[in-house]
Amino acid sequence: MSDLTPTTLRNNVPLSPDEVLEIALESVLEFLPCQRDRNAFSLVNKSWNRIEAETRFEVVIGNCYSISPQRVVNRFKAIKSVVLKGKPRFADFSLLPPDWGARFSPWVVVLSGAYRGLEKLCLKRMYVSNDDLVVVANTFVGFKEIRLVCCEGFGTSGLAVLAGKCRQLRVLELIEDEVADDEEDWISFFPGGATCLESLMFDCVECPLNFNALEKLVARSPSLKKLRVNRYVSLGQLRHLMIIAPQLTHLGTGSYGPLEDLEDPLPANELRDHVSSAFAASKSLVCLSGFREIVPYFLPAVYPVCANLTSLNLSYANILVEEFKQVISHCHKLQILWVLDLISDGGLVAVAATCKDLQELRVFPMDTIEDNAGPVSDVGLHAIAEGCKKLQSILFFCQQMTNAAVISMSINCPDLIVFRLCIIGRYRPDHSTGEPMDEGFGAIVKNCKKLTRLAVSGLLTDRAFSYIGQYGKLLRTLSVAFAGDSDMGLTYVLEGCPKLEKLEIRDSPFGDIALRSGMHQYHNMRFLWMSTCKVTRQGCREIARQIPGVIVEIFNWNQVGEEGENSDLVDTLYMYRSLEGPRADAPRFVNIL
Amino acid sequence: MNNLSESGKSGMNLKETELTLGLPGEPRVGKACMKRVFSETVDLELGNSGKKDSSGSGSSMKKESATSRGKLVGWPPVRAHRKNIMTVKSGKYVKVGVDGAPYLRKVDLELYNSYEQFLSIRTVLDEKKLMDPVNGVEYVPTYEDKDGDWMLVGDVPWKMFAESCKRVRLMTRSEAIGLAPRPETKCSSSSS
């Protein structure tokens with residue numbers, strides 16, 4: 001055992017062995033920031049549990065209803081950072097009625113009482129009101145960072161209070177939120193003098209803004225590295241910002257079009273040259289996004305930074321294939337790429353040829369109507385598979401696919417962690433063989449040994465699910481839609497995937513028998529979502545009765561109701577583990593069994 | 001209906017050359033045109049596959065419950081935020097096509113304040129086509145106004161143009177010969 005001389009005395013008083021152990025453990029814990037590891041640590045014994053609780057600075061709550069705010073503050077005394085997530089993901093696709101819940105208010109009341117020193121807040125899919133933001137701004141004196149992702153309920157007046165009162169604010173990131181236009185010039189509320197701002201992202205704020213105030217703000221924010229503006233900032237205005245802030249590493253370009261440049265009506269070619277110079281001067285830029293209303297003529301102005309880019313988001317850019325190819329041909333270092341399917345298979349071939357370090361690819365559909373063919377297909381996927389062998393994460397929307405292309409990806413991209421394929425045409429088989437897509441997804445779970453997240457689509461039989469159950473041993477998140485033949489499908493998954501945490505299913509023929517097969521599993525999972533499946537009220541009631549520690553919510557969209565035997569069918573089942581009893585804020589349409 | 005008056009106006013069979021959203025051979029009206037919004041910006045030269053045989057495409061619909069309730073909610077799983085951005089855009093959109101090019105682009109006239117801005121906005125390919133001294137081909141911007149007349153771009157003040165323009169086409173000089181500049185007061189049935 002090593003000599004513990006430096007720590008065996010504190011204020012010249014010898015320490016007991018227990019105290020020495022405590023200090024040693026605290027030192028060890030410093031190197032365990034990961035919550036999963038800390039959770040494991042805290043389960044060893046009461047003493048370790050206490051030490052861990054005292055030294056934890058960040059708490060991540062994946063489901064705001066799994067634990068009460070009171071219980072959190074009782075256990076952890078010194079929290080500086082809170083990550084809180086609310087609604088289940090299918091809420092993004094209008095599958096959750098509004099007013100379902102996930103309000104931040106009950107949390108902010110308790111947190112403001114217990115953690116005066118709170119510095120960081122990250123909320124995802126929560127309902128956050130302006131009043132909540134006022135509490136945050138008024139209570140947490142040294143508040144530094146706020147990230148709101150997919151949230152709603154607040155507006156520009158709440159932002160104004162944050163801007164005005166949080167003098168230490170370093171990070172204000174609004175990502176895909178619904179922000180109400182309270183007609184407050186929130187940018188002007190930042191105090192005068194130099195700010196601490198390092199990151200300012202408001203590309204989702206669909207309100208006009210005071211550009212003059214923004215320009216002055218950027219000019220007095222010497223630490224600013226990340227700036228994402230909204231579409232009300234024109235290209236000419238963007239160029240001014242870039243000149244003031246050449247140190248930026250992340251830039252969201254706003255509209256990327258001329259708009260109404262009343263003060264600066266340059267001819268287009270001059271504007272393009274100026275923008276190009278501004279990009280050339282941005283030597284640190286590695287992440288580029290925006291292009292909300294792009295005028296393609298100006299796209300070549302980005303060429304000077306392409307060689308340095310590691311992340312490029314063109315998923316709002318309505319551009320031609322040739323225009324895209326010209327940009328991507330410069331982007332050799334790209335690791336993350338988000339695009340629209342407009343770039344077509346030809347564009348994907350170009351990506352495969354150039355972006356050899358690509359880790360994450362997302363291809364979004366321009367047109368969401370089901371169709372027999374689309375601009376991207378198995379051809380593009382195959383090209384990516386063969387060209388981008390370091391791929392870790394893919395989200396791919398298409399109208400048609402083949403097993404061969406998916407199998408190719410499973411073999412060529414062994415590092416895949418996330419595979420999400422969405423064939424927009426429901427029940428679509430392999431378009432060249434007419435077979436179900438079972439073999440393709442089977443190959444993915446079998447060959448991609450690091451896979452933790454999977455989304456399936458197309459024509460799938462129970463066989464696909466047997467593969468998932470057989471090989472998906474590390475799978476944590478699974479999304480299923482319009483797939484499977486019978487209860488066996490879901491049973492395979494529930495019995496075969498021990499690490500499953502999040503399971504979201506819609507429009508698939510899984511019923512009570514399948515539901516029952518997972519009873520051993522549900523308290524290990526964060527949640528199970530099943531909508532428009534074949535589970536009945538009775539089946540759900542049985543689960544609720546037999547498994548403590550799990551909340552079973554059901555709600556019916558269809559008030560008119562399908563009469564007859566089917567009326568016992570449940571529209572939506574949302575089940576989650578919880579240390580608390582049924583929540584008190586459930587709206588009337590939610591039935592907690 | 002009688003198409004003769006339309007084709008008679010400028011000596012061209014305009015129905016044939018009318019820019020629509022469908023692939024050749026597709027019906028020009030109704031939902032078929034609506035579907036292929038993306039085809040405006042797809043480079044068809046790359047052999048983007050046309051309609052495939054649909055016999056194997058899941059005609060055995062397994063469950064009707066989602067559609068029996070009417071509209072299919074939340075499919076495909078694209079976030080509402082993104083869907084809104086892509087589809088609901090105010091602005092005055094006109095189709096801009098170039099002779100000989102198999103695609104067309106939708107352009108929002110509200111983005112521009114002047115002819116100079118609008119006409120200097122070129123795509124990479126347009127640039128090639130418009131300044132093609134080798135072949136001696138010159139392209140002339142023309143537009144169809146709300147009365148269905150094809151006119152030369154630039155004759156009327158910008159705002160008036162932006163309000164009345166329905167679509168724009170860059171015609172070759174020889175094709176555009178039939179179009180004379182319009183007088184200040186227009187006769188709706190005049191031919192050129």
Side-chain angles (χ1 to χ4, degrees), chain A residues 90 92-95 150 176 178 204 257-260 265 267-269 292-293 295-297 315-316 318-323 326 341-342 344-346 364-369 371-375 377 397 400 422 424-429 431 434 459 479 481-482 506-509 532 557-558, chain B residues 31 34-43 45-63 65-66 68-69 72-83 85-87 89 91 103 105-108 110-114 116-117 120-125 127:
Chain A
F90 273 9
D92 290 354
F93 317 125
S94 311
L95 290 177
C150 302
E176 297 189 39
E178 293 278 338
C204 62
L259 297 189
E260 291 235 343
N269 60 333
R292 293 283 166 135
E293 284 167 9
V295 173
Y297 174 77
S315 65
Y316 291 100
N318 191 346
I319 57 177
L320 295 172
V321 180
E322 291 306 318
E323 291 158 348
Q326 298 235 336
D341 63 359
L342 292 180
S344 79
D345 285 330
F364 293 96
M366 175 77 178
D367 190 0
T368 54
I369 298 171
D371 201 350
N372 284 339
S377 69
F397 283 85
Q400 56 183 23
C422 180
I424 297 175
R426 294 165 293 150
Y427 310 112
R428 202 56 67 77
H431 76 91
L459 181 65
S479 302
F482 303 100
R506 66 166 292 179
D507 292 275
S508 300
T532 322
W557 280 98
N558 192 2
Chain B
K31 203 168 178 242
M34 299 284 284
K35 272 188 195 178
R36 287 203 170 267
V37 168
F38 66 82
S39 70
E40 294 166 8
T41 46
V42 163
D43 184 354
E45 288 171 359
L46 285 181
N48 184 37
S49 55
K51 286 188 182 292
K52 292 270 177 166
D53 175 27
S54 60
S55 60
S57 62
S59 48
S60 56
M61 288 285 184
K62 300 215 161 191
K63 243 182 106 69
S65 62
S68 70
R69 269 174 214 149
L72 185 57
V73 178
W75 187 260
V78 174
R79 293 199 62 245
H81 184 84
R82 180 172 286 279
K83 255 188 191 163
I85 301 286
M86 297 314 306
T87 58
K89 278 213 255 186
Y103 58 83
R105 179 196 294 286
K106 252 191 188 172
V107 169
D108 181 3
E110 282 182 14
L111 292 180
Y112 308 102
N113 294 327
S114 69
E116 196 202 357
Q117 278 188 16
S120 69
I121 306 299
R122 306 273 189 253
T123 64
V124 167
L125 292 169
E127 231 162 13

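All values derive from a computational prediction rather than experimental measurement.
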Any B:P76 side-chain heavy atom under 4.5 Å of A:F364 side chain: no
Contact check, side chains of A:R506 and B:P77, non-hydrogen atoms, under 4.5 Å: no
Set of residues satisfying ring-ring contact (aromatic ring centres under 6.0 Å, His included) with respect to A:F397, sequence neighbours excluded: none
Just how far is it from atom CZ of B:R79 to atom OG of A:S94, taken to the nearest 0.5 Å? 10.0 Å
B:W75 vs A:L95 side-chain heavy atoms within contact, under 4.5 Å: no
